[in-house]
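Read the structure below first, then the notes.
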Amino acid sequence: AMKGALCVRCLAVLAAAAVLTACGADSPERLMQSAREYMAARDDRAAAIQLRNALQQQPRNAEARFLLGQVLARAGDFLSAEKELRRALEYGHPAERVYPDLAQVLLALGQPKTVVSELADRNLPDREAQARLKSLVGMAHLATGDLTAAQQAFAAALEAKPGDAIARTGEARLAAIRRDFTAARRIVDATLVAHPKSIDALMLKADLLSAEERRPEAIKVLESVVALQPHNAATWTSLVG
């Protein structure tokens, strides 16, 4: 009888422990909130772990897929980032949140034609998202050599958001391509006054300085880009070159 009572008590203790363990397990919502906090603190490795833990429980969680895509893109893993962003779309994440990030990742992968074919005709209701998407589409047109389409895309971006840094930098690149370097310098300098941490404007500034054979100044600008974005491969290539 004593053994039976002990067994019952042991089972009760084990059951209580199991309940506590279950209660202590983080829910997908808590894991995602933790991931957002890590992302805000720029601890992307910890954020990725939390998001993958959430996705183990909810593989079709579109928000978690989207956030993981952003984290992977910031870490420079653009192939994996593209996969996660496309899954986020597949599972119903709002297109106006995904398309701009997808365009940026595709450009980083050297796929401007894919940006043009998939995203050039997309229009987003959110003005901020529309400006970013159209700016990146403009950059894709630049990469494919369609200057007219690029100019139209930059104009659409600036209509949605006057002074958009990417669009204004795109206009500066157009001026440089047309060999109007005075206009290019003026536009990029004005853009950096308004947006001193704009990676696109800083990269163009470095290019213009290099073209003027002002290499030490160009290197300083590139070093500031590395500080802002350590995984920017183009910056490292420019520095080494």
Side-chain angles (χ1 to χ4, degrees), residues 21-109 124 126-129 131-133 135-136 161 163-166 169 191-203 205-206 220-239:
T21 302
C23 291
D26 282 342
S27 66
E29 292 74 18
R30 286 178 62 184
L31 288 165
M32 287 172 62
Q33 181 57 38
S34 173
R36 291 188 191 95
E37 291 168 2
Y38 281 125
M39 288 175 72
R42 306 296 293 187
D43 189 346
D44 290 336
R45 181 175 297 181
I49 291 170
Q50 297 296 73
L51 290 167
R52 288 193 171 104
N53 287 338
L55 287 166
Q56 282 187 342
Q57 298 181 50
Q58 292 182 343
R60 298 177 67 88
N61 187 316
E63 174 78 6
R65 293 285 179 191
F66 172 67
L67 293 175
L68 183 56
Q70 288 188 319
V71 166
L72 292 169
R74 287 202 321 206
D77 185 355
F78 299 114
L79 276 172
S80 299
E82 181 193 357
K83 290 177 184 176
E84 294 301 334
L85 292 172
R86 290 193 183 280
R87 284 173 182 155
L89 278 173
E90 179 187 348
Y91 298 148
H93 205 61
E96 67 183 39
R97 295 190 65 195
V98 180
Y99 283 153
D101 284 280
L102 181 59
Q104 192 153 11
V105 164
L106 289 170
L107 283 176
L109 287 169
L124 306 178
D126 180 83
R127 297 179 74 83
E128 189 86 23
R132 186 170 170 228
L133 177 62
S135 295
L136 293 167
K161 182 186 175 185
D164 180 81
I166 302 175
T169 303
T191 302
L192 285 170
V193 168
H195 307 278
K197 294 183 179 181
S198 168
I199 301 297
D200 297 285
L202 287 166
M203 291 292 288
K205 176 76 171 177
K220 283 186 178 180
V221 174
L222 290 172
E223 286 172 345
S224 70
V225 175
V226 169
L228 291 167
Q229 202 175 74
H231 299 286
N232 191 313
T235 315
W236 287 106
T237 302
S238 298
L239 279 170

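It should be emphasised that the depicted structure is a prediction, and the values quoted were computed from it without experimental measurement.
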Spatial distance of atom CG (L31) from atom CZ (R36) [nearest 0.5 Å]:
11.0 Å
Heavy-atom side-chain contact between Q58 and E29 under 4.5 Å:
yes
For residues E63 and R97, determine if any side-chain heavy atom of one lies less than 4.5 Å from a side-chain heavy atom of the other.
yes
How long is the straight-line distance from CG of L68 back to CD1 of I49, given to the nearest 0.5 Å?
11.5 Å
Taking C-beta and beyond as the side chain, do M203 and L222 meet within less than 4.5 Å on heavy atoms?
yes
Residue among L72, L106, V105, L107 satisfying side chain to side chain contact (heavy atoms under 4.5 Å, CB included) with F78
V105
Once you round to the nearest 0.5 Å, how far does CD of Q104 lie from CD1 of I166?
6.0 Å
Does a side-chain heavy-atom distance below 4.5 Å link S224 with L202?
yes
Of all heavy-atom pairs linking P100 and A129, the shortest is CG-O, 3.8 Å
Which heavy atom of L133 sits nearest to which heavy atom of Y99, and what is that distance?
CD1-O, 4.0 Å
Between T191 and A201 the two heavy atoms that sit nearest each other are CG2-CB, 4.0 Å
If you round to the nearest 0.5 Å, how far is OG1 of T169 from CG of L192?
7.0 Å
Minimum heavy-atom separation for M32 to A64, with atom names?
CE-N, 3.7 Å
Whether E84 and R87 form a salt bridge (side-chain N of Lys/Arg under 4.0 Å from carboxylate O of Asp/Glu) is what I want to check.
yes
Hey, could you give me the CD/CG distance between Q33 and D26, rounded to the nearest 0.5 Å?
11.5 Å
Give, for atom CZ of R132 and atom NZ of K161, the distance between the pair rounded to the nearest 0.5 Å.
10.0 Å
Nearest heavy-atom contact between G69 and A81 is O-CB, 3.4 Å
Minimum heavy-atom separation for D44 to M39, with atom names?
OD1-CA, 4.2 Å
Salt-bridge contact E90-R86 (side-chain N to carboxylate O under 4.0 Å)
no
Min side-chain heavy-atom separation Q50-N53 under 4.5 Å
yes
Hey, is CZ on F66 packed in by over 12 heavy atoms from elsewhere, all under 6.0 Å?
yes
